[in-house]
Amino acid sequence: MGNTDKFEMMADVYDTPERAKIAKVSANAIREYLNDTSNKDGIDFGCGTGLVGMDLLNNFNSILFLDASQNMIKQIEQKISSSNIQNASTLCFDFEKDSHLGLHADYIFMAQVLLHVNDFELVLSRLYDILNENGHLLIVDFNKNEKIMSDLVHNGFDQIELADRMTEIGYRNIQSKTFYTGSKIFMGQDASLFILDSQK
């Protein structure tokens, strides 16, 4: 997946107070859209060190922490082991390179992941395939920000345009809202985060 090499190098020092704060507000935003999920299985897609998914473990029957960076997966495995967590598993896999036919989930959530995915429509299509019928994909990411100029990431997303593209893939009941605005949270720029809920 995009920028995997960069994440491999920063895995050991990824959990800064700033990232933990954003992960907390992201997890809280996701939690608002979870409906009776105690017997449901989730995937924290592009989990990084698992900051968001760890916060949501008690909301699910199980969570699979999935990332393309092996070093990020090592970090989350250490957290799972040291806390003796029973309802979590990990998988190092790159959805941009291949589709994983054996996976299924009721909920997939991804926080600040899509902006790193070069061909995000391909990945959204592959995630659609592994969702169970009536399953949900929840996306937390930055609103489009014209101040961001980068070859490494998308400069955020227009919520309506993203919803239109997802509708073409097959997602339905799409709803989204901006839920957080912060100072210098997106490549040194002030930015806002949205959450989008969609269903298969």
Side-chain angles (χ1 to χ4, degrees), residues 1 20 22-69 72-73 76-77 79-80 83 85-96 98-117 120-142 157 159 162-163 165-180 193-200:
M1 206 151 74
I22 295 292
K24 182 70 177 172
V25 296
S26 298
N28 287 338
I30 290 168
R31 195 176 280 111
E32 282 184 34
Y33 290 86
L34 303 180
N35 186 19
D36 192 23
T37 54
S38 60
N39 64 341
K40 305 287 189 187
D41 298 316
I43 294 177
D44 184 351
F45 181 78
C47 62
T49 60
L51 287 173
V52 174
M54 290 290 280
D55 203 322
L56 296 169
L57 270 170
N58 291 337
N59 293 93
F60 287 94
N61 175 54
S62 72
I63 291 181
L64 171 66
F65 290 87
L66 191 153
D67 203 282
S69 163
M72 287 291 191
I73 291 294
I76 185 66
E77 284 176 344
K79 292 178 184 179
I80 291 169
S83 299
I85 294 165
Q86 301 297 315
N87 65 331
S89 56
T90 61
L91 177 65
C92 186
F93 189 79
D94 192 337
F95 264 75
E96 273 191 293
D98 202 2
S99 56
H100 200 288
L101 300 174
L103 285 179
H104 294 286
D106 302 300
Y107 278 79
I108 300 171
F109 51 91
M110 54 199 309
Q112 290 168 264
V113 174
L114 207 60
L115 76 159
H116 296 286
V117 179
F120 66 88
E121 289 179 65
L122 171 70
V123 168
L124 290 174
S125 178
R126 288 178 171 169
L127 292 178
Y128 182 86
D129 291 340
I130 66 173
L131 270 179
N132 291 328
E133 200 67 34
N134 299 315
H136 288 259
L137 173 66
L138 288 149
I139 298 171
V140 171
D141 222 312
F142 290 108
F157 298 92
Q159 294 177 45
L162 180 57
R165 295 196 188 189
M166 292 178 69
T167 299
E168 290 171 11
I169 293 169
Y171 291 96
R172 59 191 174 87
N173 299 336
I174 299 171
Q175 52 182 324
S176 66
K177 67 177 182 181
T178 299
F179 71 94
Y180 183 80
L193 287 163
F194 69 87
I195 182 163
L196 180 148
D197 177 36
S198 60
Q199 196 172 14
K200 180 169 180 176

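All figures in this text were calculated on a predicted structure; none of them were measured in a lab.
Contacts of N132 classified as side chain to side chain contact (heavy atoms under 4.5 Å, CB included), with partners at least two apart in sequence or in another chain: H104, D106.
Counting only heavy atoms from C-beta outward, the side chains of L138 and L196 never approach each other to under 4.5 Å. Taking the side chain as every heavy atom from C-beta outward, I108 and L137 approach each other to under 4.5 Å.
Using a 4.0 Å cut-off between charged side-chain N and carboxylate O, E121 and R126 make no salt bridge.
Remark: of the listed residues L91, D94, D44, L91 is the sole one forming a side-chain contact (heavy atoms from CB on, under 4.5 Å) with L66.
No donor-acceptor pair closer than 3.5 Å links the side chain of K177 to the backbone N or O of F194. A donor-acceptor pair is defined here as one N or O able to donate and one able to accept, closer than 3.5 Å; no such pair exists between the side chain of T37 and the backbone of K40. Although no hydrogens or angles enter the test, the distance criterion places a donor-acceptor pair under 3.5 Å between the side chain of D141 and the main chain of L114. A donor-acceptor pair is defined here as one N or O able to donate and one able to accept, closer than 3.5 Å; such a pair exists between the side chain of D67 and the backbone of G48. Panel note: side chain K200, backbone N134; no donor-acceptor pair is recorded below 3.5 Å. Between the side chain of Y107 and the backbone N or O of G135, no donor-acceptor pair lies under 3.5 Å.
Of all non-hydrogen atoms in I73 and C47, the two that sit nearest each other are CD1-SG, 4.2 Å. Pairing each heavy atom of V52 with each of S26, the nearest pair is CG2-CB, 4.3 Å. Minimum heavy-atom separation, A88 to I80: CB-CD1, 3.7 Å.
Note: F120 and F157 have perpendicular aromatic rings, judged against thresholds of 30 and 60 degrees for the angle between ring planes.
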For residues 56-63, please give each side-chain donor-acceptor pair under 3.5 Å, one per line with the distance, not counting sequence neighbours.
residue : atom : partner : partner atom : Å
N59     : OD1  : R31     : NE           : 3.1
N61     : ND2  : D41     : OD1          : 2.9
S62     : OG   : D41     : OD1          : 2.7

